[in-house]
Amino acid sequence: MSGPMEPGENRGADGSAGPRNNGLAKELFWFALPLILSGLLQQLYNIVDSLIIGNVLGEEALAAAGASGPILNLFIYVCTGLVTGCTILVSHAWGAGERKKATAVAATFGLFLLAGSLALAGIGLCLHRGLLSLLHTPEALLAGASEYLSVVFLGIPFLALYNLAGALLRGTGNSRTPLVAIILASLVNVGLDLLLVWGVGWGIRGAAVATVIAQALSAFYLLWYLRQGKGGFYFTLSPRAASRACLAEGLKLSLPRVIQSGASSLGSLLLQSVMNSFGVDVVAAITTSYKVDSLAILPILNMSTAISVFTGQSIGAGDRQRALECLRRGRRLAVGVALCITVLLVFGGRFIVGLFGVPEEVMDLGQRFFWLLAAFYPVLACNESVGGFLQGVKDVAFPAVVNIAALWLRVALSYGLAGVLGSDVIALSEGASWVFALVCFTLRYRSGRWKRRVADELARAGSAGR
């Protein structure tokens with residue numbers, strides 16, 4: 001199986017670095033496939049929780065768990081957004097053969113994320129019930145959502161460490177080991193869900209406990225793997241190995257994504273408030289549909305990650321042409337996958353929503369959601385492909401600004417048109433935001449401004465080579 005380049009691999013007579021572009025689409029696919037499977041299994045945590053909660057505890061408990069999602073995501077996205085810089089830095093360092101820098105990146109962000117995630121978990125435990133009230137969560141759902149969040153927030157440090165270790169491994173071209181970790185965690189999560197919710201009768205709290213334990217296992221496995229030196233560089237959390245320069249450079253690359261994630265999560269909270277105003281049936285239908293949607297778009301998002309990693313390694317090794325091929329071929333793959341997803345959800349969305357044990361009227365609302373949104377998935381594929389390329393060349397601010405603007409356009413449309421379109425506004429406003437982002441990304445790419453960053457990186461790689 002092919003994979004991302006190793007430093008110095010297949011150098012040409014002119015001294016250019018990087019493997020030949022033949023078979024690049026295949027390389028992208030095989031690198032992205034473990035990412036897709038890992039993402040699917042990670043989402044399975046929430047899916048299995050919802051399936052068991054919906055079928056064992058009923059619609060009200062299912063809606064309560066769904067109503068907690070936007071609040072939890074507000075904290076998770078801030079934490080996991082920080083690992084974006086790790087992947088970019090490690091991919092460039094790996095392409096250039098700078099293993100010591102990879103070690104410094106790992107130590108620096110390991111310490112930073114551990115401290116930050118503990119703080120975020122504490123804040124979430126203190127404020128979650130107040131946030132639920134601010135979102136006008138229906139009184140019938142408030143106690144269950146609060147109980148779920150009070151446990152799941154304990155798992156944020158484990159989730160942060162898992163994402164850090166996965167980001168480091170992805171930067172080196174290893175997307176398979178995180179898949180092994182998530183397979184193990186998923187099996188444990190399913191078993192504990194059945195035991196604690198259905199067998200022992202802990203209710204919604206049991207589903208949350210199962211999720212936290214599974215997250216901890218996946219984090220510990222990847223940290224053990226890295227500590228054994230199997231990642232290709234030495235991993236340590238010693239302050240001596242940390243670097244202020246790495247922290248500054250990594251934060252410069254990560255903060256736009258963190259700001260985007262924070263703004264997106266805040267926007268999701270506002271959208272949840274709009275959704276809550278339509279009643280329990282709509283909350284159950286839309287939150288369940290979004291669980292399915294989150295699985296459906298994972299291949300698109302993971303292809304974006306693959307494009308970013310391959311682009312970063314190509315630029316680090318001084319191969320501009322290969323970086324451009326990563327975008328072209330990766331975008332074709334992403335759009336092809338998006339078209340398949342569209343067909344699946346247009347014709348099978350109602351059946352999939354029905355697996356969560358919801359009543360007929362909720363299934364009908366879920367199918368309507370997919371009829372309205374699924375046709376926009378190819379648009380999202382184009383956006384994410386260009387965004388992944390721009391991140392790979394360290395042009396991280398523009399994608400963040402566009403995605404924030406698109407999200408707030410979606411919020412504005414939801415509030416402004418809710419009285420006219422009803423619950424349909426949730427799906428239609430999201431599709432409109434993707435169209436807006438497509439226009440912005442297309443203009444950015446055609447402007448050629450990103451080429452200056454590529455030239456700077458290639459000059460730096462050439463200077464280091466001498």
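Here, residue 1 is the first one in the sequence, and each next residue gets the next number.
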Checking the side chain of [X] only, and the main-chain atoms of [Y] only, is there a donor and an acceptor separated by less than 3.5 Å?
X: Gln313; Y: Gly171; result: yes
X: His92; Y: Gly392; result: yes
X: Ser304; Y: Ile300; result: no
X: Trp371; Y: Val346; result: yes

From [X] [atom1] over to [Y] [atom2], what is the distance, rounded to the nearest 0.5 angstrom?
X: Tyr445; Y: Asp395; atom1: OH; atom2: CG; value: 12.5 Å
X: Asn174; Y: Phe31; atom1: CG; atom2: CZ; value: 8.0 Å
X: Ser218; Y: Leu179; atom1: OG; atom2: CG; value: 12.0 Å
X: Leu226; Y: Thr177; atom1: CG; atom2: OG1; value: 8.5 Å
X: Ser175; Y: Leu33; atom1: OG; atom2: CG; value: 8.0 Å
X: Ile213; Y: Asp193; atom1: CD1; atom2: CG; value: 10.5 Å

Quiz item: Asp293 and Tyr377: side chain to side chain contact (heavy atoms under 4.5 Å, CB included), yes or no, with the steps?
Solution: CA-CA 10 Å; Asp293 172 78; Tyr377 287 142; 2.5 Å; yes
Self-check item: Any side-chain donor near an acceptor of the partner, Arg410 and Ser433, under 3.5 Å
Solution: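 There is no such pair (donor and acceptor under 3.5 Å, judged by atom type) between the side chains of Arg410 and Ser433.
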[Y] side chain reached by [X] side chain, heavy atoms, under 4.5 Å:
X: Arg444; Y: Val402; result: no
X: Leu251; Y: Leu82; result: yes
X: Glu430; Y: Tyr290; result: yes
X: Leu373; Y: Trp434; result: yes
X: Pro378; Y: Thr342; result: yes
X: Val396; Y: Arg257; result: no
X: Thr172; Y: Val90; result: yes
X: Phe370; Y: Ile352; result: no

Self-check item: CA sep, side-chain torsions, deciding dist, call: Leu164, Cys86, side chain to side chain contact (heavy atoms under 4.5 Å, CB included)
Solution: CA-CA 8 Å; Leu164 169 65; Cys86 295; 3.7 Å; yes
Taking all non-hydrogen atoms of both residues into account, name the closest pair between [X] and [Y] and its distance.
X: Ala214; Y: Asn189; value: CB-CB, 3.7 Å
X: Arg170; Y: Leu35; value: CD-CD2, 3.0 Å
X: Leu413; Y: Ala432; value: CD1-CB, 3.8 Å
X: Arg322; Y: Ser314; value: NH1-OG, 2.9 Å
X: Ser414; Y: Val425; value: CA-CG2, 3.6 Å
X: Val282; Y: Ser423; value: CG1-CB, 4.0 Å

Exercise. Could you check Tyr162 against Tyr221 for ring pair (Phe, Tyr, Trp, His ring centres under 6.0 Å), going step by step and ending with a plain yes or no?
Key: CA-CA 9 Å; Tyr162 165 79; Tyr221 172 77; 9.9 Å; no
Quiz item: Does a sphere of radius 6.0 Å around CZ in Arg350 hold more than 12 heavy atoms from other residues, nucleotides or ligands, not counting ones at 6.0 Å or beyond?
Solution: yes
Exercise. May I have the step-by-step check of side chain to side chain contact (heavy atoms under 4.5 Å, CB included) for Cys382 and Phe441, ending in yes or no?
Key: CA-CA 9 Å; Cys382 292; Phe441 279 121; over 6 Å; no
Self-check item: Salt bridge flag under 4.0 Å for residues Glu249 and Lys394
Solution: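 Here Glu249 pairs with Lys394 in a salt bridge, since their nearest N and O are under 4.0 Å apart.
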Quiz item: Which class fits the ring pair Phe109 and Phe112: parallel under 30°, tilted 30 to 60°, perpendicular over 60°?
Solution: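 Because their plane-to-plane angle is over 60°, the rings of Phe109 and Phe112 count as perpendicular.
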Practice problem: Tell me, with the steps shown, if Leu327 and Thr311 meet side chain to side chain contact (heavy atoms under 4.5 Å, CB included). | Solution: CA-CA 8 Å; Leu327 171 59; Thr311 298; 5.8 Å; no
